[in-house]
Asker: 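What follows is a single structure, and I will ask about it in a moment.
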Amino acid sequence: MSAFAGTSVRFGYGTNGFSNHRLEDALAVIADLGYEGVALTLDHHHLDPFGPDLPRRVEALATRLDRLGLGVVIETGARYLLDPRRKHAPTLLDDEPAARLDFLRRAVRIGADLGAEAVSFWAGIRPPDVPQDQAWDRLVRGCDEVVAAADAAGVRLGFEPEPGMLVETIDDWFTLRGRLGAPGCFGLTLDIGHCRCIESRPVADCVATAGPHLVNVQIDDMRRGVHEHLEFGAGEVDFPAALRALADAGYGGLTAVELPRHSHAAPAVARASLEFLTAARAAAEALAATREAKEVPQ
C-alpha cells in the first residue's frame, strides 16, 4: 500500500501572506485556487482579537470558512499587534508578559469557537538582560498558563521552534515539552524551511522526528543558515522528500504556505505555490511507489 493511501497532504495558505487584502477577500482567493485550509494570523486587519463585537465576527468567520470548505489553524505571529513600536513585543520572556498571555488566551478562545485544528505560538527572543535560566523559567510559567487555557477549551497547541528564539530547534521543543510535564494538548508546529535553515539533520529526518507530535506544519523554501522565507524553488529544500516524510509520519493536518513578505503579489504567489506543491506531492507519491516496488519480495 502506498504511503499516501491513508494520509493526504492538505495544503493551506497563511493570511500573513495576504496582508494587503481584506480577510474575506483573501479567504475567497485561497479557496478559489484550490487550497484546503488557511493559517489565520490574528492581526489588526485580520480578525483583530481586541476589536469590538468579537463573538459576532468570529461566528461570521466560522460560517464563511464552512461555506468555503476551508480548515483553519490560528497563528499568533502578528508583528505589531501588541506594541506599535516593538516587533512581536512583549513575549513570554519579557519582564511584563501579561499582554502576550492575554493575547494567547484570546487566541485559544477564538480557536475553540472556530473549531481550529491548532493554535500556534512561539517563545520569542531572549532579552539581552535576562539570563538563559531565567528566560526558560519565564517561558515554562507562561506556557503552563496557555496549556491550562487550552485544556479547558479543548484546543490543541502547536508550539513552533523559530530560528533566533529561545526555542529554535526541535530538540529545544522536546526540552520544553519535558519541563511542562508533556501535557496532552501541547503539540509541535514545524516550519519545513526552518529545518533546512537551522537543523543539523536532513529535512525529511526532522519531519520523522517531529512526526508523532505534529499538529501544524508551515511550508516554504529556505537556505542553510539564512532565515528568509523564499518562494518554492528559490531555496534548498527537497520538497518531495519532505512531503513523503509527512505522509510516512501519518500527519493529516494542514500544511500551510508561509510567505509573509509576498503580500504585494499574493494571488499570483499563492497560485504558483500550489502548482509547485501539487507537483512535489506527485513526485513524492512516485518516490513512495518506487520504494514499495523495491520492497516487494521477488
Side-chain angles (χ1 to χ4, degrees), residues 12-31 35 37-68 70-92 94 96-125 142-143 145-146 149-150 152-160 162 189 216 218 229 254 256-264 266-267 270:
Y13 204 92
T15 61
N16 62 358
F18 272 81
S19 62
N20 297 326
H21 283 68
R22 299 180 185 88
L23 179 57
E24 57 268 29
D25 293 336
L27 296 177
V29 173
I30 289 167
Y35 285 95
V38 61
L40 171 61
T41 296
L42 302 177
D43 210 339
H44 60 89
H45 58 305
H46 285 169
L47 194 66
D48 184 351
F50 301 102
D53 204 10
L54 182 62
R56 180 195 61 77
R57 290 185 288 119
V58 171
E59 182 179 5
L61 177 57
T63 299
R64 183 155 180 78
L65 289 168
D66 182 64
R67 287 176 178 170
L68 292 172
L70 292 172
V72 64
V73 297
I74 300 298
E75 297 283 353
T76 57
R79 291 184 174 96
Y80 293 100
L81 178 65
L82 304 183
D83 188 325
R85 294 174 177 83
R86 297 186 300 150
K87 178 182 175 182
H88 291 154
T91 75
L92 296 176
D94 285 320
E96 300 293 338
R100 175 65 54 177
L101 285 167
D102 178 43
F103 174 39
L104 293 176
R105 292 191 193 98
R106 288 170 185 257
V108 166
R109 290 198 296 271
I110 291 169
D113 290 341
L114 289 179
E117 298 178 18
V119 172
S120 186
F121 68 119
W122 34 245
I125 298 171
C143 286
E145 294 193 34
V146 181
V155 169
R156 292 192 298 178
L157 299 172
F159 192 96
E160 180 188 1
E162 181 87 20
T189 290
N216 182 30
Q218 301 165 356
H229 293 244
L254 283 177
V257 176
E258 177 81 356
L259 291 174
R261 297 182 180 179
H262 292 74
S263 292
H264 64 284

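Below, all heavy atoms of this structure are taken into account, side chains as well, without hydrogens, waters or symmetry copies.
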Asker: Would you say CZ of R22 has more than 12 non-hydrogen atoms from neighbouring residues, nucleotides or ligands within 6.0 angstrom?
Answerer: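 Result for CZ/R22: open.
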Asker: Are the side chains of L40 and L23 in touch, meaning some heavy atoms are under 4.5 Å apart?
Answerer: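 Yes, at least one pair of side-chain atoms sits under 4.5 Å.
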Asker: Show the nearest heavy-atom pair for residues G111 and V155, with the distance to one decimal.
Answerer: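 In this case the closest contact between G111 and V155 is C-CG2, 4.3 Å.
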Asker: With a 4.0 Å cut-off, would you call D113 and R109 a salt bridge?
Answerer: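 Judged by the 4.0 Å cut-off on N to carboxylate O distance, D113 and R109 do not form a salt bridge.
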Asker: When rounded to the nearest 0.5 angstrom, what distance separates CZ in R86 from CG in D94?
Answerer: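 Rounded to the nearest 0.5 Å, the CZ-CG separation comes to 5.5 Å.
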Asker: Nearest 0.5 Å, please: how far is OG1 in T41 from CG in L47?
Answerer: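 Answer for the CG-OG1 pair, L47 versus T41, is 11.0 Å.
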Asker: Are the side chains of T91 and I125 in contact, using a 4.5 Å heavy-atom criterion?
Answerer: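 I125 does not reach T91 side chain to side chain.
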Asker: Counting distance only, does the side-chain N/O of D83 pair as donor-acceptor with the main-chain N or O of R85 below 3.5 Å?
Answerer: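 Flag set: sc D83 to bb R85 pair under 3.5 Å.
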Asker: Within the 4.5 Å heavy-atom criterion, are F18 and D25 side-chain neighbours or not?
Answerer: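 No. Closest side-chain heavy atoms not under 4.5 Å.
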Asker: If I take atom CZ from residue F159 and atom CH2 from residue W122, how far apart are they, to the nearest 0.5 angstrom?
Answerer: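 F159 atom CZ to W122 atom CH2 measures 9.0 Å (nearest 0.5 Å).
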Asker: State, to 0.1 Å, how close E117 and L254 come at their nearest heavy-atom pair, and which atoms those are.
Answerer: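 Shortest heavy-atom separation between E117 and L254 comes out as OE1-N, 3.4 Å.
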Asker: As an exercise, state the distance from CG of D48 to CG of D43, rounded to the nearest 0.5 Å.
Answerer: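 One finds 8.0 Å between CG of D48 and CG of D43.
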Asker: Look at the side chain of R57 and the backbone N and O of G51, then say whether any donor-acceptor pair between them is shorter than 3.5 Å.
Answerer: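 Yes; judged by distance alone, with no hydrogens or angles, the pair exists.
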Asker: I want to check something: taking the side chain as every heavy atom from C-beta on, are Y80 and K87 in contact at a cut-off of under 4.5 Å?
Answerer: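 Counting from C-beta outward, Y80 and K87 do come under 4.5 Å.
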Asker: Is there side-chain contact between F50 and L81, with at least one heavy-atom pair below 4.5 Å?
Answerer: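 Counting from C-beta outward, F50 and L81 do come under 4.5 Å.
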Asker: Side-chain contact test, heavy atoms from C-beta onward, threshold under 4.5 Å: evaluate it for V108 versus L157 and give yes or no.
Answerer: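 Side-chain contact under 4.5 Å: yes.
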Asker: Any idea how Y35 and Y13 line up, ring-wise: parallel (<30°), tilted (30 to 60°), or perpendicular (>60°)?
Answerer: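 Perpendicular, since the angle between the ring planes exceeds 60°.
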Asker: Could you state the interatomic distance from CD (E24) to NE2 (H46), rounded to the nearest 0.5 Å?
Answerer: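 Nearest 0.5 Å value for the CD-NE2 distance: 8.5 Å.
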Asker: How about L54 and I110: do any of their side-chain heavy atoms sit closer than 4.5 Å?
Answerer: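 With C-beta onward as the side chain, the pair touches.
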Asker: Where do A116 and V73 come nearest, in terms of heavy atoms and distance?
Answerer: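 So the two residues come closest at CB-CA, 4.4 Å.
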Asker: Can you tell me how far the NE2 atom of H88 sits from the OG1 atom of T76, to the nearest 0.5 Å?
Answerer: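 It comes to 9.0 Å.
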Asker: State, with a plain yes or no, whether a side-chain heavy atom of L104 is found less than 4.5 Å away from one of L92.
Answerer: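 Yes, their side chains come closer than 4.5 Å.
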Asker: Does S263 use its side chain to pair, donor to acceptor, with the backbone of S19 at less than 3.5 Å?
Answerer: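 Side chain of S263 to backbone of S19: a pair is present.
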Asker: When N16 is tested against each of E258, E75, R261 for side chain to side chain contact (heavy atoms under 4.5 Å, CB included), which residue passes?
Answerer: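 Result for side chain to side chain contact (heavy atoms under 4.5 Å, CB included) with N16: E258.
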